[in-house]
Each structure stands twice: as C-alpha cells, then as structure tokens.
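Everything on this sheet refers to the single structure shown next.
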Amino acid sequence: GAVVSQHPSRVICKSGTSVKIECRSLDFQATTMFWYRQFPKQSLMLMATSNEGSKATYEQGVEKDKFLINHASLTLSTLTVTSAHPEDSSFYICSAKKRTYEQYFGPGTRLTVT
Amino acid sequence: QKEVEQNSGPLSVPEGAIASLNCTYSDRGSQSFFWYRQYSGKSPELIMFIYSNGDKEDGRFTAQLNKASQYVSLLIRDSQPSDSATYLCAVEKGGGADGLTFGKGTHLIIQP
C-alpha cells in the first residue's frame, strides 16, 4: 500500500495566528514530500518540495517565511502557515513520493482563516 | 501558454461506454505523466502513470502517451457511475524530485 495521512483534516483559525499541518507516510519511507494548495474550482498548485534533512525548495511566488516547512524524518513533513490571513484559506494537500515515479496524496487539510 | 491543458467539460458518457480524456502539455522536457481522479472535496487519487510512448493498461484504464505530439490520454472502458469525478492530468519534468504540474481537470459524468 501507499498511505499518506494529514492532520488536521479541517482547521479554522483567526487572522494573525499560525497553523501547523502534519503529513505522514504511514507504510513507506518518503525521501521527498510535496505541498500543494488548491483554491475552489482551481487545480492543485505546487507550493514547495520538502526533502528529509534539508531545506525545502519553494515555487516562485510562495513566501518561504510565511509557509514554513520542516521534513524531520522519512515519514513526516510539516507545513506551518504563519500569521495566517483570510486569503490563505485553501485546501492544503501533501504528497509523498514512493519509489521513482509514484506520488501519493494525503487527504488534505481545509484551512479557513476568519 | 498553459503548461498542462485539459478540456474542463463536463464530459457526459453513458454507463458501459468508453470515456476518453485528453491532455496536452507544453514542456518537451517532461518525463512522467500521471492521471489522478478527484472527487469533490477530496484529495487526488492516483489512477495511472506512464513515461514511455505508447499504451499502458491497468484493468479498465488505458493511458496513452505520444511525446512527439505532447499528448497524453486516458481511456476508461465499461464506464461506471462511480467513475464520475474530475480527472486531473499531471506532468513531472523528471529527475525524481520534481513536483507535479496539474491541468485544471476534466469533469466526467457517467450517466446510468
């Protein structure tokens, strides 16, 4: 199997606070994990690539100081949205790479910033 | 020019028929190609990946890749109502550590 979990599945926070989202590969080791964001009726957009033991690589336009990524082990990556604002409300989805080609997605975290 | 293009649909297909989904991509350096299925409010589910020209079959699904034409397709045979979803085409540049570039998806409706 290739199971990826995310926690929490849904979070509501107030503007200005920080939110941490965890992504875990449950039955395999993932040297590379990815974070995506999906706004309503849009497709997934890659935010950053996370490699175990090294700094994340961010896509153009994604603020690395706002979206902090930590890949602490081969099965865990975390995304912290700092000083969240309503425009950060979105569906955040992580994925983990199993072997060379296959990328499996977690169930997603729906963030609402009020 | 958009990197990965798909017809947004909706594509309506009778139950039991073949559903044909198409995707074009702009980056000739792309190495791997993926089809994901996404139900409303859920995360994408991997259906198939393909990286060599030609056809790849898995059960009711067949992926087809033509790198010269920069075209990839997905055929779903014996379509079932449970196949109704948005199908996302995704492309990876290669190297093993790249994230995916997604198309906007095709909304498929299988009519009972």
Side-chain angles (χ1 to χ4, degrees), chain A residues 1-7 9-10 21 23 28 30-60 62 69 71 77 79 90-110 112, chain B residues 2-10 21-27 30-53 56 58 61 63 65 72 85-108:
Chain A
V3 182
V4 178
S5 71
Q6 268 184 256
H7 179 80
S9 58
R10 187 178 296 267
I21 303 169
C23 176
F28 66 99
T31 53
T32 305
M33 289 184 170
F34 304 89
W35 288 94
Y36 295 82
R37 180 167 54 181
Q38 186 176 33
F39 292 107
K41 300 199 182 299
Q42 300 289 319
S43 193
L44 281 78
M45 294 294 292
L46 178 66
M47 298 176 67
T49 301
S50 168
N51 291 295
E52 187 263 339
S54 63
K55 289 185 179 180
T57 303
Y58 291 82
E59 295 298 301
Q60 193 171 9
V62 178
I69 292 172
H71 197 149
S77 176
L79 168 68
S90 188
F91 192 38
Y92 291 85
I93 314 173
C94 72
S95 70
K97 197 146 195 177
K98 180 180 181 181
R99 295 191 286 270
T100 306
Y101 298 104
E102 299 135 72
Q103 201 171 127
Y104 293 90
F105 285 84
T109 297
R110 194 161 300 281
T112 303
Chain B
K2 294 180 181 177
E3 294 190 49
V4 180
E5 292 206 54
Q6 297 179 253
N7 189 323
S8 62
L21 304 162
N22 304 313
C23 171
T24 58
Y25 60 96
S26 61
D27 188 345
S30 301
Q31 299 286 325
S32 307
F33 308 86
F34 303 80
W35 283 100
Y36 287 86
R37 177 172 61 195
Q38 186 175 30
Y39 295 109
S40 181
K42 303 295 185 183
S43 71
E45 172 192 4
L46 179 65
I47 297 176
M48 291 188 71
F49 68 90
I50 186 169
Y51 53 89
S52 297
N53 276 327
K56 180 181 179 182
D58 184 0
F61 300 96
L65 174 62
V72 58
T86 295
Y87 287 80
L88 303 173
C89 172
V91 171
E92 183 185 50
K93 284 187 179 179
D98 286 342
L100 300 178
T101 300
F102 282 86
K104 287 194 171 182
T106 297
H107 184 202
L108 175 66

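In the text below, chain A, chain B and the rest are named by the order of the sequence lines, each starting its count at 1.
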TODO: Measure A:E59 against the heavy atoms of chain B and call it side chain, backbone, both or neither at under 4.5 Å.
DONE: neither

- [ ] Return the minimal non-hydrogen interatomic distance between A:F91 and B:K42, and the atom names on each side.
- [x] CE2-O, 3.7 Å

Open item on the list: Looking at every heavy atom in both A:S43 and B:K104, which two are closest together, and how far apart are they?
Closed with: CB-CA, 3.6 Å

TODO: Using a 4.5 Å cut-off on heavy atoms from C-beta on, say whether the side chain of B:S43 contacts that of A:L44.
DONE: no

- [ ] Name the member of A:Q6, A:Q42, A:Q38 that forms the most heavy-atom pairs with chain B at distances under 4.5 Å.
- [x] A:Q38

Open item on the list: Report which part of B:Q38 has an atom under 4.5 Å of a heavy atom belonging to chain A: side chain, backbone, both, or neither.
Closed with: side chain

TODO: Compare every heavy atom of B:F34 with every heavy atom of A:E102, then report the nearest pair and how far apart it is.
DONE: CA-CE2, 4.4 Å

TODO: State whether the number of non-hydrogen atoms from other residues, nucleotides or ligands found under 6.0 Å of A:M45 atom CE is greater than 12.
DONE: no

Task: A:Y36 side-chain N/O to B:G99 backbone N/O, donor-acceptor pair under 3.5 Å - done: no

Task: Closest heavy-atom pair and its distance - B:L100, A:Q103 - done: CG-NE2, 3.6 Å

